[in-house]
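Protein chains get the first letters and strands the later ones, always in sequence-line order, with residue 1 at the start of each.
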2 protein chains.
Amino acid sequence: MTLNNHTKKALESLKSSPLKTTKQRVDIIKILFSDGNNHFTAENVHNKIENLGLNISLATVYNCLNQLTENNIIKSVKTSCNKIYFDTNTTSHHHFFCKNSSTLIDIESKNIKISKLPKIPNGKKLDSIEIVVNLTE
Amino acid sequence: MTLNNHTKKALESLKSSPLKTTKQRVDIIKILFSDGNNHFTAENVHNKIENLGLNISLATVYNCLNQLTENNIIKSVKTSCNKIYFDTNTTSHHHFFCKNSSTLIDIESKNIKISKLPKIPNGKKLDSIEIVVNLTE
DNA sequence: ATCGTAAATTAGAATTATTCTAATTTAGTA
DNA sequence: TACTAAATTAGAATAATTCTAATTTACGAT
Ligand SMILES: [Mn+2]
Ligand SMILES: [Mn+2]
Ligand SMILES: [Zn+2]
Ligand SMILES: [Zn+2]
């Protein structure tokens with residue numbers, strides 16, 4: 001029951017955010033960060049909650065994940081399988097996506113490099129670049 | 001009413017595919033390819049159909065777009081706005097995505113370059129790389 | 001041309017992921 | 001301890017897409 005560093009840091013971020021420290025938010029953070037950096041759907045988290053015998057409604061899971069995202073404690077990743085994944089890695093990074101298992105694996109920014117980029121269309125500005133390297137088994 | 005080359009080629013691909021040449025498929029292809037390469041949601045296509053006074057059910061629009069995709073006459077692009085876009089550009093290419101207007105703009109493969117890629121995780125193989133350059137206005 | 005049949009079309013129901021609503025409970029502060 | 005804004009919740013709503021099952025159509029064979 002001793003907390004790892006990821007979890008401790010996330011709980012501190014929660015405390016210093018404008019969000020209230022509720023039992024549900026603490027439980028969800030513990031689940032998210034228990035195993036190093038990881039990617040979860042809301043349903044994944046809800047299943048873990050049920051397996052632990054906890055009772056948190058699915059609406060709360062979604063509310064919580066969205067608010068943790070808004071407060072930069074986690075981030076969200078849209079995948080080609082039309083589900084939102086929540087990502088404990090808040091650094092700017094990219095992903096492998098395995099189509100067979102619908103799993104995301106981090107690619108650190110320093111391990112991928114774009115050396116040529118077309119010019120940004122007039123009137124728009126660059127927001128971010130997302131690279132997904134799709135894998136099969 | 002004279003057809004452009006994109007449309008002619010797509011109609012030929014339809015003819016040489018295992019799909020039957022139905023009025024609905026021909027009309028949808030004409031809509032898709034009428035204006036050079038373009039990106040459409042199923043709803044976009046259905047709206048155009050209605051504006052033209054044609055009558056094709058939404059189910060048929062989806063069926064048709066999915067089968068054209070399976071037969072490589074168009075391709076589909078998943079975006080971060082959780083809608084599937086259908087793309088008349090079947091070459092391997094990447095996209096600008098404007099978050100404000102939810103529009104896709106092609107980036108030709110030759111105009112973008114990845115110079116460093118991490119090694120593929122054991123037991124998996126590379127399927128494809130998707131780069132989305134997100135823009136704001 | 002007509003027939004037979006597999007494929008296509010259709011309206012509407014179902015599904016899935018997610019968000020919304022509105023009533024109840026709770027955290028944190030005074 | 002009381003107050004109040006924020007959080008939680010069950011369940012309804014939404015939105016995109018797919019499914020179902022009945023009807024129609026394309027097209028190869030007669
Ligand atoms: Mn989910
Ligand atoms: Mn659509
Ligand atoms: Zn990640
Ligand atoms: Zn495209």
Quick one, which residues of residues 8-18 of chain B touch DNA chain D with a heavy atom under 4.0 Å?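 Going residue by residue through residues 8-18 of chain B, none turns out to have a heavy atom under 4.0 Å of DNA chain D.
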Kindly determine whether A/L65 and A/L32 satisfy side-chain contact (heavy atoms from CB on, under 4.5 Å), including the steps that lead there. CA-CA 10 Å; A/L65 293 171; A/L32 292 171; 3.9 Å; yes
Qualifying residues under side chain to side chain contact (heavy atoms under 4.5 Å, CB included), relative to [X], sequence neighbours excluded:
X: A/I31; result: A/K48, A/I49, A/L52
X: A/S76; result: A/T69, A/I84, A/F86
X: A/T60; result: A/Q24, A/I56, A/S57
X: B/K8; result: B/L3, B/N5

Gap between atoms [atom1] and [atom2], on [X] and [N] respectively (whole Å):
X: B/E43; N: D/dT18; atom1: CD; atom2: P; result: 14 Å
X: B/K78; N: C/dA17; atom1: NZ; atom2: C1'; result: 13 Å
X: A/N47; N: C/dA17; atom1: CG; atom2: P; result: 11 Å
X: B/N82; N: D/dT14; atom1: CG; atom2: P; result: 18 Å
X: A/I56; N: D/dA7; atom1: CD1; atom2: C1'; result: 12 Å
X: A/H46; N: D/dG11; atom1: NE2; atom2: C1'; result: 13 Å

Working to the nearest 0.5 Å, report the span between [atom1] of [X] and [atom2] of [Y].
X: A/I114; Y: B/I131; atom1: CD1; atom2: CD1; answer: 4.5 Å
X: A/I73; Y: A/R25; atom1: CD1; atom2: CZ; answer: 9.0 Å
X: B/I29; Y: B/C64; atom1: CD1; atom2: SG; answer: 6.5 Å

Within residues 19-28 of chain B, find the residues that approach DNA chain C with a heavy atom at under 4.0 Å, and present them sorted by residue number.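 Going residue by residue through residues 19-28 of chain B, the ones with a heavy atom under 4.0 Å of DNA chain C turn out to be B/L19, B/K20, B/T22, B/Q24, B/R25.
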Partners of A/T88 by side chain to side chain donor-acceptor pair (under 3.5 Å), sequence neighbours excluded?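 Testing A/T88 for side chain to side chain donor-acceptor pair (under 3.5 Å), a comparison that skips the adjacent residues, returns A/N37.
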With sequence neighbours excluded, residues passing side chain to side chain donor-acceptor pair (under 3.5 Å) with B/T22: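 Partners of B/T22 by the side chain to side chain donor-acceptor pair (under 3.5 Å) criterion come out as none, since no residue qualifies.
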Let me spell it out: for each of A/Y85 and B/S57, pick the nucleotide of DNA chain C with the closest heavy atom. Which residue's pick is nearer the 5' end?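 Looking at the nearest nucleotide for each, B/S57 comes out on the 5' side.
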Can you name the atoms? Protein N/O to nucleotides 19-22 of chain C N/O, anything below 3.5 Å, with the distance.
from	atom 1	to	atom 2	distance (Å)
C/dT19	OP2	A/N66	ND2	3.1

Salt bridge (Lys or Arg N to Asp or Glu O under 4.0 Å) partners of B/K119, counting only residues at least two apart: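 Partners of B/K119 under the salt bridge (Lys or Arg N to Asp or Glu O under 4.0 Å) test: none.
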Short side-chain N/O contact to D/dT8 OP1/OP2 from A/T60, under 4.0 Å: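 No, A/T60 has no side-chain N/O under 4.0 Å of OP1/OP2 on D/dT8.
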Proximity to the side chain of B/A42 - top-ranked nucleotide from C/dT18, D/dT17, C/dA11: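 Of the options given, the side chain of B/A42 lies nearest D/dT17.
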Indicate every side-chain donor-acceptor pair of residues 99-113 of chain A with a distance under 3.5 Å to a residue at least two apart or in another chain.
from	atom 1	to	atom 2	distance (Å)
A/K99	NZ	B/D127	OD2	3.3
A/N100	OD1	A/E137	N	2.8
A/S101	OG	A/T103	OG1	2.7
A/D106	OD1	A/H39	NE2	2.8
A/D106	OD1	A/H93	NE2	3.0
A/D106	OD1	A/H95	NE2	3.1
A/D106	OD2	A/N89	ND2	2.8
A/S109	OG	A/S92	O	2.6

Show me the protein contacts with nucleotides 13-16 of chain C, counting only N or O atoms at under 3.5 Å.
none

Do B/D87 and B/V77 have side chains that approach each other closer than 4.5 Å (heavy atoms only, starting at C-beta)?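 Side-chain contact under 4.5 Å: yes.
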Around A/N55, counting heavy atoms of other residues, nucleotides and ligands shown, do more than 12 lie under 6.0 Å from its CG?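 Count not over threshold, so no.
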